[in-house]
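Bear in mind the structure is a predicted one, so any value in this text is a computation, not a measurement. Lettering follows sequence order; numbering is per chain, from 1.
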Protein chains: 2
Amino acid sequence: MVTIKDIAKLANVSHTTVSRALNNSPYIKEPTKRRILEIASQLNYTPNYNAKNLVMQKSHTIGLFFTSISNGTSPIFLADTIKGVNSVIGQEFNLFVRGIDDYDNFSSINNMRFDGIILMSQSEVDNTFIYHVMQKKIPLVVLNREIQEQGLINLLSNDEVGARQAVEHLIAKGHKDIALIEGKKGFKSAQARKDGYMAALIENGLLIHKEYQVEGHYDMQSGYTAMNQLLDLNRPPTAVFCSNDDMAIGAMNAVFARGLKVPDDVSIVGFDDIGFAQYTTPRLTTVKRPVEKISIEGAKRLLFAISKAPAQSVKLYENTSLIIRDSVKDLKEEKR
Amino acid sequence: MVTIKDIAKLANVSHTTVSRALNNSPYIKEPTKRRILEIASQLNYTPNYNAKNLVMQKSHTIGLFFTSISNGTSPIFLADTIKGVNSVIGQEFNLFVRGIDDYDNFSSINNMRFDGIILMSQSEVDNTFIYHVMQKKIPLVVLNREIQEQGLINLLSNDEVGARQAVEHLIAKGHKDIALIEGKKGFKSAQARKDGYMAALIENGLLIHKEYQVEGHYDMQSGYTAMNQLLDLNRPPTAVFCSNDDMAIGAMNAVFARGLKVPDDVSIVGFDDIGFAQYTTPRLTTVKRPVEKISIEGAKRLLFAISKAPAQSVKLYENTSLIIRDSVKDLKEEKR
DNA sequence: CTGTTAGCGCATTCAA
DNA sequence: TTGAATGCGCTAACAG
């Protein structure tokens, strides 16, 4: 490994001067600087970040954390987030990706190791992690889940509104018996989407049936099971709002398995707009969530907080958008 | 930040002794060690890894690289790989994730920063990266693409055999006019699957039609386009082998869009066995690739290479498996 | 503008 | 078994 001392020797200067040249300090003459830089590049010098970080009390790394990498996080969600963050941070930063549940204690999460942390939060169990990070004074961006705490940047997708719009869309199409397949218990997103569903029903004066709200776990299998449960009812719903697309697809297949049709017999709406939603048969009407957008925005703000401003409280909602495709039937049209 | 010196003061010993206690050296009396450890935990001490790494010439980070994070890598592929690696490496390691195309030069990729590197390689353009890493003597595991070089660990999925089996399955069902929708140009996997397709045709004495081999890019849209191209032929194929599931699903929809049916009018086989393959209508027959398995095995071997043995040459193939579902028609059955 | 000196937090000689 | 001294590679304060 070539160090600044090696360069210093060849350039006949002190290693301090080399350091200055490398960090383009103003206190150096242009010619000497050029000479040093030339030697450095010829020697193929790369700084030792461990040494640099040690003295500068920095780490040059951004930590991207999920509630869990392997549990309940859909591949698309994971990928979109990483893509978003990755596209923003430059070469000079390390990007570390891990699940909170990979740690049994957070002692290794400190400001020596992380210049900043982005948390894609999916559950309240993340709170102890959040407190830990804040207490360590590490700049923090929390994505996807609302945090009341001050002193952090909080970027959210407006799931409740999105869910409400989806259900209102069903109502507008003449549906009255609208069921809900819920998301994974304990996930804030599950609650938000349920809230939106309820709000739409209530505001439109529709009855709320307990048996129309069935449990799900955000995976296809649970959507399949839940839909079967709904179809077994004496009075099955005419439309089902699924808390994510994976479950919507599972639900669709449960319908097909009984020889029924979507949307003729049951209308279905999903949530997320995963890539496949437009390739199901029929194409799935769903709510698009701005995951990548949020990740990008979050990364940008974190970088800014690290380099320029001290941590400030920010809360920002990015809107979802209803993507209307073919999985919802217009009951009004039928009556004509 | 509390350092070993702080502990030393409180324990009335030298910082050297503290260091020994923390790293359970044999040269320390059990009682003193216990006392020091007690104080350390009360002070909530965590080692400064920058300092530790600096003196030990280590980094405690594993680099997981993709050819590209944002380009041509499917979400499931990305997620499965990360999940696999993540599940193996312990808390004491950082998991660094980036795309090779995020770098315009590799000067920052050195053994100070990475204890070891796992590359999920998807294209020959990765070769310069591989050479760089090997030249820097960083323990390296290359996944997914065959590398001739000595001195690295190379874990592969046997795509060619998998593709051959898939096509042989079609042939066994009586198909003779079998088309291929190819993968992204330049990706080794695309070539391997094509080779398997060709091998199956040749070994079974079937004719090879140039117009039965159409280009694709591993995404659904290109599968859709390619299938349309095939259906426009004077003599359309009775079966199509798609180089991945995304394209297979796109292809299916192209068939549907013409009012035709799968598998009645066209049989389709995919590759990858992504989660949705079992929820398409009809359920997709496909080849399951051991992505997560390879990632897990790769991570284990890398960890071993880092801690125990010096880098040795290993090449290992994990088998794919044909998952038979409902998207292939048995032409022989029809004849009866 | 440049060099000398010191020190970041830690592991590792060498003596005791 | 313990401690004093040294250095990993780098930046920063200070003096010139």
Pair A/Phe114 and A/Phe65, ring centroids less than 6.0 Å apart: yes
Output the single nucleotide from [options] whose closest atom is nearest the side chain of [X].
X: B/Pro47; options: D/dG9, C/dC10, C/dT2; value: C/dC10
X: A/Leu54; options: C/dT12, C/dT2, C/dG9; value: C/dG9
X: A/Met56; options: C/dG3, D/dC10, D/dA12; value: D/dA12

Between [N] atom [atom2] and [X] atom [atom1], what is the distance in whole Å?
X: A/Ile28; N: C/dG3; atom1: CD1; atom2: C1'; result: 12 Å
X: B/Asn53; N: C/dT12; atom1: CG; atom2: C1'; result: 16 Å
X: A/Ile4; N: C/dG3; atom1: CD1; atom2: C1'; result: 13 Å
X: B/Gln57; N: C/dT12; atom1: CD; atom2: P; result: 11 Å
X: B/Leu22; N: C/dA11; atom1: CG; atom2: P; result: 7 Å
X: A/Arg113; N: C/dG9; atom1: CZ; atom2: C1'; result: 15 Å
X: A/His60; N: D/dT11; atom1: NE2; atom2: C1'; result: 12 Å
X: A/Arg20; N: D/dA13; atom1: CZ; atom2: C1'; result: 10 Å

Atom NZ of A/Lys29 with >12 non-hydrogen neighbours under 6.0 angstrom: no
Over 12 foreign heavy atoms within 6.0 Å of NZ, A/Lys300: no
A/Phe93: which of A/Ile62, A/Thr61, A/Val88 passes side chain to side chain contact (heavy atoms under 4.5 Å, CB included): A/Ile62
Identified side chain to side chain contact (heavy atoms under 4.5 Å, CB included) counterpart of A/Asn154 within the set A/Ile147, A/Leu140, A/Asn144: A/Ile147
State whether [X] places a side-chain N or O below 4.0 Å from either non-bridging phosphate oxygen (OP1 or OP2) of [N].
X: B/Asn50; N: C/dC8; value: no
X: B/Lys5; N: C/dC10; value: no
X: A/Ser14; N: C/dG3; value: yes
X: A/Thr17; N: C/dT2; value: no
X: B/Ser19; N: C/dT12; value: no

5' priority, DNA chain D, between B/Val13 and A/Asn23 [closest heavy atom]: B/Val13
First of B/Tyr27 and A/Asn48 reached from the 5' end of DNA chain D, by closest nucleotide: B/Tyr27
Side-chain-base donor-acceptor pair under 3.5 Å for A/Thr16 and C/dT4: yes
Check: A/His15 side chain, D/dT11 base, donor-acceptor under 3.5 Å: yes
Touch class at under 4.0 angstrom, heavy-atom based, for B/Tyr49 against every strand present: nothing
A/Arg34 bridged to A/Glu38 by N-O distance under 4.0 Å: no
